[in-house]
Amino acid sequence: MSDSEHGRSTKLVEGGRRKDWRGQLVNVPVERASTILFDDVAELSASRPGVGTYRYGLQGTATHWALAEALTELEPGAAGTVLYPSGLAAVTTPLLALLSPGDELLVPDNVYGPTRKFCETILKRMTIVTRYYDPLIGSGIADLIGGKTKAILLESPGSLTMEVQDAPAICAVARERGIVTLLDNTWATPLLFPALAAGVDVAILAATKYVGGHADVMLGSATATEKYYQRIQTATWDLGHALSPDDAWLGSRGLRTMAVRLRQHQESALKVAHWLKARADVGLVLHPALPDCPGHEIWRRDFTGSSGLFSFELKTPGKAARAKFVDSLKLFGIGYSWGGYESLVLPVDPVRSVSKPPASNLVRLHIGLEDADDLIADLDAAFDQAGR
Ligand SMILES: *Cc1c(COP(=O)(O)O)cnc(C)c1O
């Protein structure tokens, strides 16, 4: 176990690597198990489900516990981390664990699309009502809280349009009223925004993105305070979610280099974003570290850096020109997800219920670990194509 006084890069290297779990190896190995054998009936009868206790595959093995412990250590104030087979499951399962029929949930209007769909289908069928709020609402969230409001979801920066939320203000209001807060922290990770220290109760990662880091694993995590951790862990077991140990191991392997990768994503993404901002055929550049981005001042106040994902407005009008621009790129792959070592591009059209996106004709970029100058040359050529 790493010392809580250590820096975050040291914690990334040391986290979860207990000698009991790794033996003489550097990293904790893959332990595959459904059945775990007991010595006798007395040991069987005494066994209780718990993290760190070999009992049944559903409760995991050292491979899972090591990743969960390493993630817990990155969030000062956390009691534990629950692992999931996808980022989406890490959003939906804690909500199922904490909400009951008749409850109301507040969700930012720029929330990740599949999270919105879960609210509109499964939660709705359970008579759990979702009310969307302007992501820039800040402490004004108090006006939306009613007697049935039981949870507030945050996502900062939000999907596609990147608004940065005033999480400390929202969480302060929620805590005063006894309402649980859950933050999707996928863009920043705890390295750029330690969420629990800002007042969040449950910090969620689509670990598929920067924790995995190599576009080859689906993974999620929810790191929670003492008050909520056990409830979420128990509900996750009750629902039968089991993460493959191979995927947990890929998470641990990715995590060790997350800080260095993020530093490079940050440097290259800023270079590309500033280059885009200087172009006449680009409108708003929605990168939290640039003043165009709604909530930029909050990013400056609360975050220690930026990552590789942002959007920009293509001024050349029409979806056809946008498609031509995207299709002309050679180094940017067209595909879902992000956070891997490779650059990606998507044309995006935000869906809103109560607020307006800051711009339209948006293109979302994930800046990977290629040379930034090569990416800029590729973008330059694609602008030429789109303008023809
Ligand atoms: C990708 C993503 C998710 C879902 O993660 P998956 O592992 O793809 O299920 C959740 N939230 C945000 C903000 C994401 O970008």
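Since the structure is predicted, the reported quantities are computational estimates derived from the model, not experimental observations. Start at 1 and go down the list; that is how both ligands and their atoms are numbered.
A cation-pi arrangement is not found for K277 relative to F310, the charged atom failing to lie both closer than 6.0 Å to the ring centre and inside a 45° cone about the ring normal.
Heavy-atom proximity to atom 7 (O) of ligand 1, evaluated over T92, T208, V91, is greatest for T208. Within the set D184, N110, T186, T115, the minimum heavy-atom distance to atom 11 (N) of ligand 1 is found for D184.
Shown in contact with L88 at under 4.0 Å from a heavy atom are these atoms of ligand 1, numbered in order with element: 4 (C), 5 (O), 6 (P), 9 (O). Short contacts between ligand 1 and E155, defined as distances under 4.0 Å to a heavy atom of the residue, involve ligand atoms 13 (C). Atoms of ligand 1 lying under 4.0 Å from any heavy atom of W338, numbered from 1 in the order shown and given with element: 15 (O). Shown in contact with A206 at under 4.0 Å from a heavy atom are these atoms of ligand 1, numbered in order with element: 2 (C), 3 (C), 4 (C), 5 (O), 10 (C).
Donor-acceptor pairing under 3.5 Å is lacking for the side chains of R177 and T149. A donor-acceptor pair shorter than 3.5 Å can be found between the side chains of R352 and T161.
The protein heavy atom nearest to atom 14 (C) of ligand 1 is K209 NZ, 2.8 Å. Of the protein's heavy atoms, M218 CE, 3.7 Å lies nearest to atom 8 (O) of ligand 1. Nearest protein heavy-atom neighbour of atom 6 (P) of ligand 1: G87 N, 3.4 Å.
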Open item on the list: If you apply the rule side-chain contact (heavy atoms from CB on, under 4.5 Å), what do you find for S9 with R263, and how did you get there?
Closed with: CA-CA 11 Å; S9 291; R263 278 200 287 275; 4.2 Å; yes

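A distance of 7.5 Å separates CD1 of I334 from CG of L329, quoted to the nearest 0.5 Å. Atom CD of residue E69 and atom CZ of residue R17 lie 12.0 Å apart, to the nearest 0.5 angstrom. In this structure, W65 CH2 and T81 OG1 are separated by 15.0 Å, a value rounded to the nearest 0.5 Å.
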